[in-house]
Protein chains: 2
Amino acid sequence: MTMNATGGRRRPPTIHDVAREAGVSRGTVSRVLNGGHYVSPAAEEAVNAAIRKTGYVVNRHARSLITGRSDSVGFLLTEPQERFFEDPNFNVLLRGCTQALAAHDIPLLLMLAGTPDERRRIMRYITAGHVDGVLLVSSHSGDPVADELRDAGVPLVACGKPIGRASKMSYVAADDRDGARDMVRHLLSLGRRRVGTVTGPLDTPGGVERLAGYREVLAGEGIEVDERLIASGDYSRAGGEAAATRLLAQAPDLDAVFVASDLMAQGVLTALHRADRRVPQDIAVGGFDDSPAALSARPELTTVRQPWDRISAEMVRVLLAQIGGEDPAAVILPTELVIRGSA
Amino acid sequence: MTMNATGGRRRPPTIHDVAREAGVSRGTVSRVLNGGHYVSPAAEEAVNAAIRKTGYVVNRHARSLITGRSDSVGFLLTEPQERFFEDPNFNVLLRGCTQALAAHDIPLLLMLAGTPDERRRIMRYITAGHVDGVLLVSSHSGDPVADELRDAGVPLVACGKPIGRASKMSYVAADDRDGARDMVRHLLSLGRRRVGTVTGPLDTPGGVERLAGYREVLAGEGIEVDERLIASGDYSRAGGEAAATRLLAQAPDLDAVFVASDLMAQGVLTALHRADRRVPQDIAVGGFDDSPAALSARPELTTVRQPWDRISAEMVRVLLAQIGGEDPAAVILPTELVIRGSA
DNA sequence: CTGAAAGCGCTTACAG
DNA sequence: CTGAAAGCGCTTACAG
């Protein structure tokens with residue numbers, strides 16, 4: 001039983017075969033391939049017929065060699081690996097971006113750079129031009145990769161507002177602050193008066209903005225913010241659990257909590273369950289994301305939906321525009337309150 | 001504020017620049033790049049110094065154009081999208097493969113083909129040679145993609161034994177049957193006598209083999225298999241929940257259940273909880289996979305660990321060997337019983 | 001609108 | 001061991 005790499009693969013047809021079949025020059029075939037400008041209708045038709053007949057598919061390597069473009073895009077995740085697999089948000093984003101790119105016939109290269117070592121290798125790979133642009137997924141602002149890529153002139157769009165350098169970098173984000181406001185208002189409308197919050201890391205836009213929304217609503221209602229009602233988390237389930245435990249100790253009269261991510265909210269539910277607090281009767285819990293974690297929680301989470309489909313579609317749109325020469329752009333998308341069993 | 005695609009990118013150095021710097025011909029530089037054969041030590045050293053000095057990185061498109069290889073590998077998932085995001089196993093596998101390939105400096109192209117339409121487009125892409133080989137992840141044997149790829153001569157390795165055509169196709173799998181035997185023996189060792197099972201889909205190797213292991217152990221113990229103790233699932237959480245509900249109705253005296261995946265086991269726990277059966281006191285529950293789902297379950301799942309790291313590493317190893325011209329190979333890896341709270 | 005020609009950056013026989 | 005040369009499949013000014 002022999003089977004090698006070239007096994008059943010025939011030599012694929014080239015532009016030359018198409019030209020011969022169509023009775024035109026290779027230049028004309030190429031023009032048809034690249035938009036059909038300066039080509040007579042007759043020639044165009046002959047070429048298209050020849051393409052169908054030969055089953056021709058352009059050789060991207062040859063094309064890239066001359067155009068200097070790779071016709072592929074990188075999806076770069078600079079979080080530690082665990083986060084990627086723990087947090088369903090990344091999955092949703094990855095799928096959305098893959099699909100949006102597929103519509104343009106552009107393959108997505110998945111790049112995982114959790115360690116400084118991996119980051120270096122991948123930076124080299126990217127800056128060598130193996131990818132036309134990068135979809136950057138990383139929540140922390142301390143991340144140097146974003147700056148490095150921008151300085152290298154690599155088209156780039158971040159998911160979430162890059163703290164401190166937004167004006168020079170494209171990004172797509174949900175309206176974090178507004179979503180937080182909706183949730184806190186909802187909790188208050190339930191009659192809760194001791195509303196706490198578990199924040200995201202405060203070096204991330206989600207951490208900062210969702211907390212800001214929380215403060216705004218309380219201030220607007222004339223409720224003084226009690227700092228004992230605020231605990232910070234790290235977007236992990238375990239972090240949420242620990243934060244809730246602290247909250248319970250600092251403010252035993254807590255009757256609601258807005259948690260800055262669904263995954264942390266799962267941890268919060270675990271902590272409340274252990275402390276024999278019923279949800280939502282004793283303590284109402286609101287999440288953020290509407291990730292799959294919201295539905296797998298018990299009770300199912302009332303949460304703030306981030307429009308992941310639109311976020312990924314916009315990231316791709318903005319990136320392709322930038323690769324095409326356009327200036328960077330920021331896109332802010334509205335969120336939606338989703339009410340389920342937890343609040 | 002202007003910033004375009006070519007912004008900060010300089011024209012990268014070519015092999016020509018390196019040759020000039022090193023005072024040798026381009027051919028010699030190329031030889032150093034490709035293994036250093038037929039190159040004098042002096043020349044090699046000069047070239048390496050020149051590479052460092054110029055920061056040269058090979059242009060893969062030019063290389064691919066002549067070698068006919070793309071130096072990249074596809075990770076093809078033919079499951080419906082939802083499954084990919086619901087089941088943590090895929091994530092673990094994806095990460096493992098990405099890392100194993102990264103060690104060879106080979107990028108992984110993520111390909112999601114959940115619909116017939118996407119499958120067609122991706123098949124075209126792959127058979128056009130844009131990828132040197134594919135890592136195929138799909139649990140169902142009805143999947144035509146595997147055959148199509150093999151017939152097209154594309155180097156291929158499947159995750160899990162492809163039912164009915166294993167002899168002609170590379171695959172890497174855990175020893176499903178043996179893992180199932182370990183788990184059922186464990187449940188019996190706990191003194192349970194009415195041990196049921198929730199199987200995977202019976203057109204998947206995991207569905208068939210894990211059920212076979214279950215039957216074998218019972219037969220070995222002289223226990224007649226009661227078909228009312230067997231319910232089939234679809235590897236989804238909801239499927240596990242439904243199967244457990246059926247089991248409870250058919251065999252109310254159930255005192256243990258071996259579930260063919262951790263994710264389904266989560267659903268089983270939900271159903272048992274609803275039926276007021278305590279785990280593990282009333283009913284012991286054993287899972288399969290040792291995926292992240294095992295740890296997020298309450299109680300944490302006793303399960304059968306699939307060695308995901310090794311599975312992905314072996315998949316990559318076998319694929320690269322095959323791309324290099326070797327014959328297909330099958331690799332079976334041992335599992336390990338992991339005891340936690342649920343049984 | 002179209003063809004002939006140059007050239008993208010690299011690898012690989014071919015002579016030496 | 002090494003250089004000169006051909007050529008991978010395509011795109012794009014350049015003439016017509």
Side-chain angles (χ1 to χ4, degrees), chain A residues 5-6 9-48 50-51 54-72 105 125 127-130 132, chain B residues 5-6 9-48 50-51 54-72 105 125 127-130 132:
Chain A
T6 55
R9 294 204 199 189
R10 292 188 215 84
R11 195 163 209 323
T14 73
I15 205 174
H16 186 85
D17 301 316
V18 175
R20 188 163 8 120
E21 181 69 33
V24 300
S25 73
R26 289 179 284 152
T28 297
V29 175
S30 181
R31 276 177 218 112
V32 172
L33 254 26
N34 292 283
H37 302 304
Y38 304 105
V39 178
S40 66
E44 177 157 10
E45 197 176 330
V47 169
N48 282 135
I51 288 174
T54 55
Y56 172 78
V57 181
V58 66
N59 179 321
R60 283 177 188 242
H61 300 304
R63 174 180 283 177
S64 291
L65 181 55
I66 176 153
T67 62
R69 302 226 318 224
S70 69
D71 291 323
S72 67
D105 213 38
Y125 188 82
T127 53
H130 293 140
D132 292 334
Chain B
T6 53
R9 295 203 197 189
R10 290 189 218 84
R11 194 162 210 323
T14 73
I15 204 174
H16 186 85
D17 301 316
V18 175
R20 187 161 10 117
E21 181 70 34
V24 300
S25 73
R26 288 178 286 153
T28 298
V29 174
S30 181
R31 275 177 219 112
V32 172
L33 253 27
N34 292 284
H37 302 305
Y38 305 105
V39 178
S40 67
E44 177 158 11
E45 196 176 331
V47 168
N48 282 136
I51 287 174
T54 57
Y56 172 78
V57 181
V58 66
N59 179 321
R60 283 178 187 241
H61 300 303
R63 175 180 283 176
S64 291
L65 181 55
I66 176 152
T67 62
R69 302 225 320 222
S70 69
D71 291 323
S72 66
D105 212 38
Y125 189 83
T127 53
H130 293 141
D132 292 335

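Lettering of chains follows the sequences in order, A, B, ..., and the numbering in each one begins at 1.
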When you compare the protein's N or O atoms with those of nucleotides 12-16 of chain C, which come within less than 3.5 Å of each other, and at what distance?
unit_1 : atom_1 : unit_2 : atom_2 : d
C:dA13 : N6     : B:R31  : NH2    : 3.3

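Atoms CG (B:N59) and P (D:dC10) sit 16 Å apart, rounded to a whole Å. Atom C1' of nucleotide C:dG9 and atom CG of B:L33 are separated by 11 Å, given to the nearest angstrom. Residue B:R69 contributes atom CZ, which lies 23 Å from atom P of C:dG9 at whole-angstrom precision. For the pair B:R20 CZ and D:dG3 C1', the interatomic distance rounds to 17 Å; values are reported in whole Å. One interatomic measurement links the two molecules: CG of A:D71 to C1' of D:dC10, which rounds to 12 Å at whole-angstrom precision. Here the P atom of nucleotide D:dT11 and the NE2 atom of B:H61 are 14 Å apart, to the nearest Å. The nearest whole Å value for the distance from the CD1 atom in A:I15 to the P atom in D:dC8 is 14 Å. In this structure, A:L65 places its CG atom 9 Å from C1' of D:dG9, rounding to the nearest Å.
Here NE2 of B:H61 is found 12.0 Å from CZ of A:R63. Values are rounded to the nearest 0.5 Å.
Distances from the side chain of B:T14 to the nucleotides C:dC10, C:dT2, D:dC10 place C:dC10 closest. Of the candidates C:dC10, C:dG3, D:dC8, C:dC10 carries the atom nearest the B:A62 side chain, counting heavy atoms from C-beta on. Across D:dC10, C:dC8, D:dC1, the shortest atom-to-atom separation from the side chain of B:S40 is found for D:dC1.
Residue B:V58 is in sugar-phosphate contact alone, with no base atom involved, counting any heavy-atom pair closer than 4.0 Å across all strands shown.
Contact record, A:D71 with A:S64: OD2-OG, 4.5 Å, taken as the closest heavy-atom pair. Contact detail for B:V18 and B:V47: the closest heavy-atom pair is CG1-O, 4.1 Å.
Nucleotide D:dA4 forms a pair with no other nucleotide shown, judged by Watson-Crick or G-U wobble geometry with both contacts under 3.5 Å. For C:dA13, there is no paired base (Watson-Crick or G-U wobble, both distances below 3.5 Å).
Checking the phosphate oxygens (OP1, OP2) of C:dG3, a side-chain nitrogen or oxygen of A:S25 falls inside 4.0 Å. Remark: B:Y38 is not in phosphate contact with C:dT11, judged by side-chain N or O atoms under 4.0 Å from OP1 or OP2.
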* Residue pair A:T14, A:N59: steps toward the side-chain contact (heavy atoms from CB on, under 4.5 Å) verdict -> CA-CA 8 Å; A:T14 73; A:N59 179 321; over 6 Å; no

* To do: Kindly determine whether B:I15 and B:L33 satisfy side-chain contact (heavy atoms from CB on, under 4.5 Å), including the steps that lead there.
  => CA-CA 10 Å; B:I15 204 174; B:L33 253 27; 4.2 Å; yes

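Panel note: side chain A:N48, backbone A:E45; no donor-acceptor pair is recorded below 3.5 Å.
At least one side-chain heavy atom of B:T28 sits less than 4.5 Å from a side-chain heavy atom of B:R31.
With C1' as the reference atom, D:dT12 and D:dG16 are 16 Å apart, rounded to whole Å.
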